[in-house]
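What follows is a single structure, written as structure tokens, with notes after it.
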Amino acid sequence: MNHETYMEMALDLARMGLGHVAPNPLVGCVIVHNNEVIGKGFHTAYGQAHAEVEAISFVENEALLKDSTLYVNLEPCAHFGKTPPCSNLILEKGIPRVVVGSQDPFLAVNGKGIKQLRDAGVDVTVGVLEEECLYLNRRFYTFHQKQRPYIILKWAQSADKFMDIEREANDKGSYAISSHASRQLVHQWRALEPAILIGPTTALNDDPHLTVRLANGPSPIRIVVDERGCLPEELNIFNTEAPTIALVGKGVSPRYSCELLHLESSGPLAWLSALHQRNIQSVLVEGGSGILTSFIESNLWDEMRVFTSDKNLNKGLKAPVQSGLFMHEISVENDLLQVTRNI
């Protein structure tokens, strides 16, 4: 029996939940009897049935479960949350073999599911395609192990490394450096992350909506860093198109109306601590330059996604310096998208 083949299938199923399950992890499950897949499922949405439940319910002849192997990319849960423990269901159905991709870092699980199954006599194999399983749920692992959201830094820059034109004091409005296809891709990313973040300068100069308009999917929670609470209430980020959270200093009472998170101190660590307490698992950071640089200098980031245009600006606002471990690059119309990871 090829464990890797069936774990790949579980991972492919798990990916189908991206953008719908946070703050839960992405989980897929495959059940195999005599080298034939008889059950498959994935966690479809937060609060809905877990992957193991979906896969078991897929099986037409439950008698086969007593001689089957269950593959799941993340350790089966062993606690009561929004749903009953999956480890209990596996034991109830008499499944004799379970293959797990990676252990669950959530303290309520964290090895307890594996131990419960083994203590009951189930043959449990752990660590099949572990690296791939860890990477798929990198947001979930970062949230629980580092006690902060997973941070994706995104910006577009000209060929000569400027991210905005040179502006006069009252020069407002966004300037598009990247192509339309690149902006469509960014809107797809927005639909896959629970939150998106900008700083006060971007809110004032660009007055963005930060919603999903060029792709299908839900708009993320909009987060604006406004520690002094000075932004005007007529900005688009404070409209009703999507929820907004403002990160403001302790005791600050801004003029606008939205959810406020009062910070214990200033800077990225305080922002991420507040967002972690708010149960936000990952954040797409869209700028501006000062906000991006603050995350980079604090080493509080996980991915960089940088579009480089084929056109020069010659002058303007310098883009941050790209760094990290190179992952991949693709061409998007006239832009080059490069993705790196923090190591």
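Only a predicted model underlies this, so the values are computations on that prediction, with no experimental measurement involved.
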| message | Between M327 and T340, does the side chain to side chain contact (heavy atoms under 4.5 Å, CB included) criterion hold? Intermediate values first, please. | response | CA-CA 5 Å; M327 297 297 293; T340 62; 5.5 Å; no
| Less than 4.0 Å between a side-chain N and a carboxylate O, is that true for K318 and D160? | no
| message | Less than 4.5 Å apart, side chain to side chain, heavy atoms only: is that true for Y135 and R341? | response | yes
| field | No-hydrogen, no-angle side-chain donor-acceptor test under 3.5 Å, E241 and H209 | value | yes
| Inter-residue atom distance E92.CD - C86.SG, 0.5 Å rounding | 11.5 Å
| field | Where A14 and L136 come nearest, the two heavy atoms and their spacing | value | CB-CD2, 3.6 Å
| request: Heavy atoms only: give me the nearest V122-P96 pair and the separation to one decimal. | output: CG1-O, 3.4 Å
| Going hydrophobic residue to hydrophobic residue with side-chain gaps under 4.5 angstrom, can you get from I296 over to I291? | yes
| Heavy-atom donor-acceptor pair, E303 side chain to Y150 backbone, under 3.5 Å | no
| request: Measure across G287 and T202 and return the closest heavy-atom pair with its distance rounded to 0.1 Å. | output: C-OG1, 3.5 Å
| request: Report yes or no: is the cationic atom of K315 (NZ for Lys, CZ for Arg) closer than 6.0 Å to the six-membered ring centre of F162, at no more than 45° off its axis? | output: no
| said: Could you report the tightest heavy-atom contact between S179 and V332, atom names first, then the distance? | reply: OG-O, 3.5 Å
| Should we say atom NZ of K115 is surrounded by more than 12 heavy atoms from elsewhere, each under 6.0 Å from it? | no
| Does E75 pair with K112 as a salt bridge, N-O distance under 4.0 Å? | no
| Distance in Å, Y71 OH paired with H3 NE2, rounded so as to fall on 0.5 Å steps | 4.5 Å
| field | Donor on one side chain, acceptor on other, N24 and Q281, under 3.5 Å | value | no
| remark: For V212 and A191, the nearest pair of non-hydrogen atoms, with its separation, is CG2-N, 3.7 Å
| message | For E60, I'd like to know if atom CD has over 12 heavy atoms of other residues, nucleotides or ligands within 6.0 Å. | response | no
| field | Donor-acceptor pair, side chain of N312 and main chain of N314, under 3.5 angstrom | value | no
| said: Using the rule given for side chain to side chain contact (heavy atoms under 4.5 Å, CB included), can you reason through F295 versus L153, listing the C-alpha separation, both sets of side-chain angles and the distance that settles it, and then say yes or no? | reply: CA-CA 8 Å; F295 277 107; L153 306 181; 3.9 Å; yes
| task | Please report the closest heavy-atom contact between P76 and I90, naming both atoms and the distance. | result | CG-CD1, 3.9 Å
| task | Output the distance between atom CG (L336) and atom CG (D310), rounded to the nearest 0.5 Å. | result | 10.5 Å
| Is it the case that one hydrophobic cluster holds both L284 and I330, taking links as side-chain heavy atoms less than 4.5 Å apart, direct or via other members? | yes
| Going by heavy atoms in the side chains, are I198 and L210 under 4.5 Å from each other? | yes
| task | Return yes when atom CG of D119 has more than 12 non-hydrogen atoms of other residues, nucleotides or ligands closer than 6.0 Å, and no otherwise. | result | yes
| Side chains of N88 and Q116 in contact at under 4.5 Å (non-hydrogen atoms) | yes
| said: Test side-chain hydrogen bond (donor to acceptor under 3.5 Å, both in side chains) on W271 and E227; report intermediate values, then the result. | reply: CA-CA 10 Å; W271 308 339; E227 293 185 349; 2.8 Å; yes
| Interatomic spacing from CZ in R278 to CG in L261 - rounded to 0.5 Å | 7.0 Å
| Is there a side-chain contact between H187 and W189 (heavy atoms, below 4.5 Å)? | no
| request: Check for a donor-acceptor pair, side chain of N2 on one end and backbone N or O of T5 on the other, with a separation under 3.5 Å. | output: yes
| query | With no hydrogens and no angle check, is any side-chain donor or acceptor of H262 less than 3.5 Å from a backbone partner on V252? | reply | yes
| task | Taking side-chain contact (heavy atoms from CB on, under 4.5 Å) as the test, write out the residues that go with A195, two or more places apart. | result | I221, I223, I280, V283
| said: If you define the side chain from C-beta out and look only at heavy atoms, does anything of L272 sit under 4.5 Å from P149? | reply: yes
| query | Given the rule in the side chain to side chain contact (heavy atoms under 4.5 Å, CB included) test, do V248 and L263 qualify, once you have shown the distances and angles that lead to the verdict? | reply | CA-CA 6 Å; V248 300; L263 304 169; over 6 Å; no
| Under 3.5 Å donor-acceptor, T308 side chain and S158 backbone | no
| said: Checking the side chain of N236 only, and the main-chain atoms of D207 only, is there a donor and an acceptor separated by less than 3.5 Å? | reply: yes
| request: Report yes if the side chains of P254 and L260 come closer than 4.5 Å at any heavy-atom pair, otherwise no. | output: yes
| request: Answer yes or no on whether R138 is positioned over the face of Y141, meaning its NZ or CZ is under 6.0 Å from the six-membered ring centre and within 45° of the axis. | output: no
| query | Are any side-chain N or O atoms of R222 and backbone N or O atoms of I237, one a donor and one an acceptor, separated by less than 3.5 Å? | reply | yes
| query | How many angstroms lie between NE2 in H43 and CG in L74, if you round to the nearest 0.5 Å? | reply | 11.0 Å
| field | Under 3.5 Å donor-acceptor, D206 side chain and P208 backbone | value | no
| Pair D67 + R97: basic N to acidic O under 4.0 Å | yes
| request: May I have the step-by-step check of side chain to side chain contact (heavy atoms under 4.5 Å, CB included) for L231 and F238, ending in yes or no? | output: CA-CA 10 Å; L231 290 175; F238 299 124; 4.1 Å; yes
| said: Is there a continuous path of hydrophobic side-chain contacts, each under 4.5 Å between heavy atoms, that joins M163 to L313? | reply: no
| request: Could you tell me whether a side-chain N or O of S298 sits under 3.5 Å from a main-chain N or O of S294, the two making a donor and an acceptor? | output: yes
| field | Q188 side chain reached by N216 side chain, heavy atoms, under 4.5 Å | value | no
| query | Hey, what do you get for CG (L11) to CG (L26), rounding to the nearest 0.5 Å? | reply | 10.0 Å
| task | Tell me, yes or no, whether the heavy-atom count around L269 atom CG, taken from other residues, nucleotides or ligands under 6.0 Å, exceeds 12. | result | no
| field | Single hit among K154, R148, R139 for salt bridge (Lys or Arg N to Asp or Glu O under 4.0 Å) with D302 | value | R148
| field | Side-chain (E54) to main-chain (G41) donor-acceptor, under 3.5 angstrom | value | no
| message | Do F106 and V27 land in one hydrophobic cluster if side-chain heavy atoms of ILVMFWY residues count as linked below 4.5 Å? | response | yes
